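In the text below, chain A, chain B and the rest are named by the order of the sequence lines, each starting its count at 1. Since the structure is predicted, the reported quantities are computational estimates derived from the model, not experimental observations.
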Protein chains: 2
Amino acid sequence: MSDPAACCTPLTGTAMSAERAEEVAGLLKALADPVRLRLVSLIAGSDTGEACVCDLNAAFDLTQATISHHLKVLHTAGLLDREKRGVWVYYAVRREALAAVAGLFDAAAVPA
Amino acid sequence: MSDPAACCTPLTGTAMSAERAEEVAGLLKALADPVRLRLVSLIAGSDTGEACVCDLNAAFDLTQATISHHLKVLHTAGLLDREKRGVWVYYAVRREALAAVAGLFDAAAVPA
DNA sequence: GGGAGACATCGACGCTCGTCGATGTCCGGG
DNA sequence: CCCGGACATCGACGAGCGTCGATGTCTCCC
């Protein structure tokens, strides 16, 4: 019987815009796959910070075409850098992109 | 001319396991949708830290069934808490879950 | 107790996504 | 020059996902 009219305050805080949501969703969609997650982990965990496709291929039970597709998705999303050296192609993680994603959830994790 | 035989060192660092990758991918898959992203943002941005379904419904041009479905996905993923109070249902964000996601990318963003 | 409102569930449709085999492109070596 | 290897692209198939209308369940009030 306290406030029968309103069920609650109708969204006071400024929320994420629809355009921004589409943007972030694109980034997360690129990462929301077990294979791509392991790819990023493999490349980021390498001592040189980069890895060539032939080694990444050997780490999975998947076709070379599939791995190439996943790398293209990550590259298109801006999460991986691509560099061709001779016959081989090397991919490196963009630390700034990962840090940006971490910052998104850090901001949302604080109470106010 | 340094090492013509090997294209690069065959994955030295310890990478994310396949099981762990599936787990994390499930979490990110729940967040990789513009509507769910805005839902989390709306609830997290509320001054009380929670929101009832009727208000969330009003914030989108979507059916009540669709919003309910998205809320269920977020709740099942462990990102939202659900509490029924009288006729209305309130959802609240699990800050720890968001912080865990942020921690994942913080760890991957450091060079070594 | 009957009715109205809030929210969840169900079944179905269209679309996107992950995976594959086959083929194309580029580079280096004999 | 031509062949072989590394990687990308293409076309197709099956599975999963977002959305909807319709229906079910629960609670409160008259």
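Between C:dG28, C:dC20, C:dT19, one nucleotide has an atom nearer to the side chain of A:His70 than all others, and that is C:dT19. Side-chain atoms of B:Ala65 lie closest to D:dG21 of the nucleotides C:dC27, D:dG21, D:dA6. Which of D:dC7, C:dG18, D:dC26 sits closest to the side chain of A:Cys52 comes down to D:dC7. In the set C:dC20, C:dA6, C:dT19, the nucleotide with an atom closest to the side chain of B:Val87 is C:dA6.
A:Asn57 comes within 4.0 angstrom of nothing in the nucleic acid, heavy atoms only. Using a 4.0 Å heavy-atom cutoff across all strands shown, B:Tyr91 reaches sugar-phosphate atoms only and no base atom. Counting non-hydrogen atoms under 4.0 angstrom, B:His69 reaches a base of the nucleic acid. B:Arg85 comes within contact range of no nucleotide atom at all, as no heavy-atom separation falls under 4.0 Å. Contact annotation for B:Leu71: no contact, since no heavy-atom pair falls under 4.0 Å across all strands.
One N or O donor and one acceptor, one from the side chain of B:Gln64 and one from the base of C:dA8, sit under 3.5 Å apart.
The backbone N or O of B:Glu50 sits less than 3.5 Å from a side-chain atom of B:Thr48, completing a donor-acceptor pair. Without hydrogens or angle criteria, A:Arg82 side chain to A:Lys72 main chain gives no donor-acceptor distance under 3.5 Å. Formation of a donor-acceptor pair under 3.5 Å by the A:Arg85 side chain with backbone atoms of A:Tyr90 is not found in this model. In this structure a side-chain-to-backbone donor-acceptor pair under 3.5 Å is present from B:Ser17 to B:Arg20.
The residue among B:Val89 and A:Leu62 whose nearest nucleotide of DNA chain C lies closer to the 5′ end is B:Val89.
Protein atom CG of A:Asp55 is 11 Å distant from nucleotide atom P of D:dA6, rounded to whole Å. Protein atom CD1 of A:Ile67 is 16 Å distant from nucleotide atom C1' of C:dG21, rounded to whole Å. Spacing between atom CG of A:Leu28 and atom C1' of D:dC17 amounts to 16 Å, rounded to whole angstrom units. Atom CG of A:Leu39 is separated from atom P of C:dG18 by 12 Å (rounded to the nearest Å). Distance, A:Lys84 NZ to C:dC26 P: 8 Å, rounded to whole Å. Rounded to an integer number of Å, the gap from A:Leu74 CG to D:dA8 P is 12 Å. In this entry the distance linking CH2 of A:Trp88 with C1' of C:dC26 reads 14 Å, nearest Å. Going from atom CD of B:Glu22 over to atom P of C:dG18 covers 12 Å, rounded to whole Å.
Taking only side-chain nitrogens and oxygens, B:Ser68 comes nearer than 4.0 Å to OP1 or OP2 of C:dA8. Here A:Thr66 does not reach the OP1 or OP2 of C:dG18: none of its side-chain N or O atoms lies under 4.0 Å away. When the side-chain nitrogen and oxygen atoms of A:Thr63 are compared with OP1 and OP2 of C:dG21, one or more of them lie within a distance under 4.0 Å. Considering only side-chain N and O atoms, A:Arg82 lies under 4.0 angstrom from the phosphate OP1 or OP2 of D:dA8. In terms of phosphate contacts, A:Lys72 brings a side-chain nitrogen or oxygen within less than 4.0 Å of OP1 or OP2 of D:dT9.
By the rule that hydrophobic residues join a cluster once side-chain heavy atoms approach within less than 4.5 Å of another member, B:Leu62 and B:Leu31 end up as members of one cluster.
Considering all non-hydrogen atoms of both residues, A:Ala59 and A:Arg38 come closest at O-NH2, 3.8 Å.
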